[in-house]
Amino acid sequence: MTTSPGLAVVDLTVRYGDVVALAGASLTVDGGRVCALIGVNGSGKSTLLKAALGLVRPDGGSVAVLGATPTAARRRGGGGIASVPQAELIDAAFPIDVRTVVEQGRYGRLGPTRRLRAVDHDAVARALERVGLTDLARRPIGALSGGQRKRALVARALAQEADLLLLDEPFAGVDLPSQATIGAVLREVADAGACVLLATHDLAGVPALADEAALVVRGRVVAHDVPDVVLRPETLARTFGLGAAS
Ligand SMILES: Nc1ncnc2c1ncn2[C@@H]1O[C@H](COP(=O)(O)OP(=O)(O)O)[C@@H](O)[C@H]1O
Ligand SMILES: [Mg+2]
């Protein structure tokens, strides 16, 4: 086992043209932990997740996943980095069934034949079972409700058995039972040793869900601690600008 943190972001700056999305953000999350990224719209949460996936190029600072660059971590084979994108980014009309979506989680592990083996089919079946979609495995992804579709994407990430799991607003537009299922699955993934980082608007759910919370304000992580500390009214007031705090 490596002793490198699951994710180590150091003084990261990311720009989109003239827009500074991250301005020296630092965040370290260890394996076995669920960390909730919180912050207002536009604060840089999604950009931080994209940087951890290696999808945006840093203008300064560094990102390491298990001691490697995100791109190297993704290419290393095996679990690597799994991501659950925001629902809005999924093309619901794409004619693909639930099982095929979940099978995508195994693609990085396939041998030269590119065929799924028994171990892959087992992982897919287990992932479908854990999110309660076994009976809907042959349903087109576009025919699912928002909550079911999100659970399918979580199942794909589960099947990948990644070391780092990134989720962008996994509870947005998702029914309460699906939220509970997803939350329980994230806990299990972390308990199995992976590092889980999710961006969420649902502050009320954070203490039950996450081991730690990181508050992002204007492209920086300004507080990172156990949820009860980060969610203290005075911390939020200071950083969200929700009125006077002394
Ligand atoms: N593709 C993009 N092109 C230009 N600006 C972007 C792009 N994506 C995000 N931004 C800007 O970067 C900042 C951070 O955005 P984002 O990381 O999406 O924040 P959050 O997820 O917290 O809402 C915002 O000012 C946003 O408008
Ligand atoms: Mg976002």
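Please read all numbers here as calculations on a predicted model, not as lab measurements. Side chains are part of it too, since the values below use all heavy atoms of this structure and drop only hydrogens, waters and symmetry mates. Both ligands and their constituent atoms are indexed starting at 1 by order of listing. Heads up: numbering here begins at 1 and tracks the sequence.
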Starting from [atom], which protein heavy atom do you reach first, and at what distance in Å?
{"atom": "atom 23 (O) of ligand 1", "result": "G42 N, 2.7 Å"}
{"atom": "atom 19 (O) of ligand 1", "result": "G44 N, 3.1 Å"}
{"atom": "atom 4 (C) of ligand 1", "result": "Y16 CB, 3.3 Å"}
{"atom": "atom 17 (O) of ligand 1", "result": "T47 OG1, 2.5 Å"}

Any N or O of S43 closer than 3.5 Å to N or O of ligand 1
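By distance alone, the answer is yes.
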
At less than 4.0 angstrom from any non-hydrogen atom of S46, what atoms of ligand 1 do you find?
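Every atom of ligand 1 under 4.0 Å from some heavy atom of S46: 17 (O), 18 (O), 20 (P), 21 (O).
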
Give the numbers and elements of all ligand 1 atoms closer than 4.0 Å to a heavy atom of V19.
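Near V19, meaning under 4.0 Å from one of its heavy atoms, ligand 1 has 11 (C), 12 (O), 25 (O).
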
So do the side chains of H224 and L27 get within less than 4.5 Å of each other, counting heavy atoms only?
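When only atoms from C-beta onward are counted, L27 and H224 do touch, with a gap below 4.5 Å.
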
Quick one: look at V40 and ligand 1, take heavy-atom pairs under 4.0 Å, and tell me if it's side chain, backbone, both or neither.
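The part of V40 near ligand 1 is the backbone, not the side chain.
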
Search all heavy atoms of A157 against all heavy atoms of V84 and return the closest pair with its distance.
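So the two residues come closest at CB-CG2, 3.9 Å.
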
Is it true that D191 and R187 have a side-chain N and a carboxylate O under 4.0 angstrom from each other?
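Looking at D191 and R187, the cut-off is met.
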
Note: D122-R117 ion pair, threshold 4.0 Å (strictly below)
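No salt bridge links D122 with R117.
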
Establish whether atom 26 (C) of ligand 1 and some protein heavy atom are separated by less than 4.0 angstrom.
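It does not; no protein heavy atom is within 4.0 Å.
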
Which residue in the set L133, V98, V101, I141 passes side chain to side chain contact (heavy atoms under 4.5 Å, CB included) when paired with R149?
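Exactly one pass, corresponding to I141.
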
Looking just at side-chain N and O atoms, do D168 and S46 make a donor-acceptor pair shorter than 3.5 Å?
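Note: D168 and S46 side chains meet the donor-acceptor criterion.
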
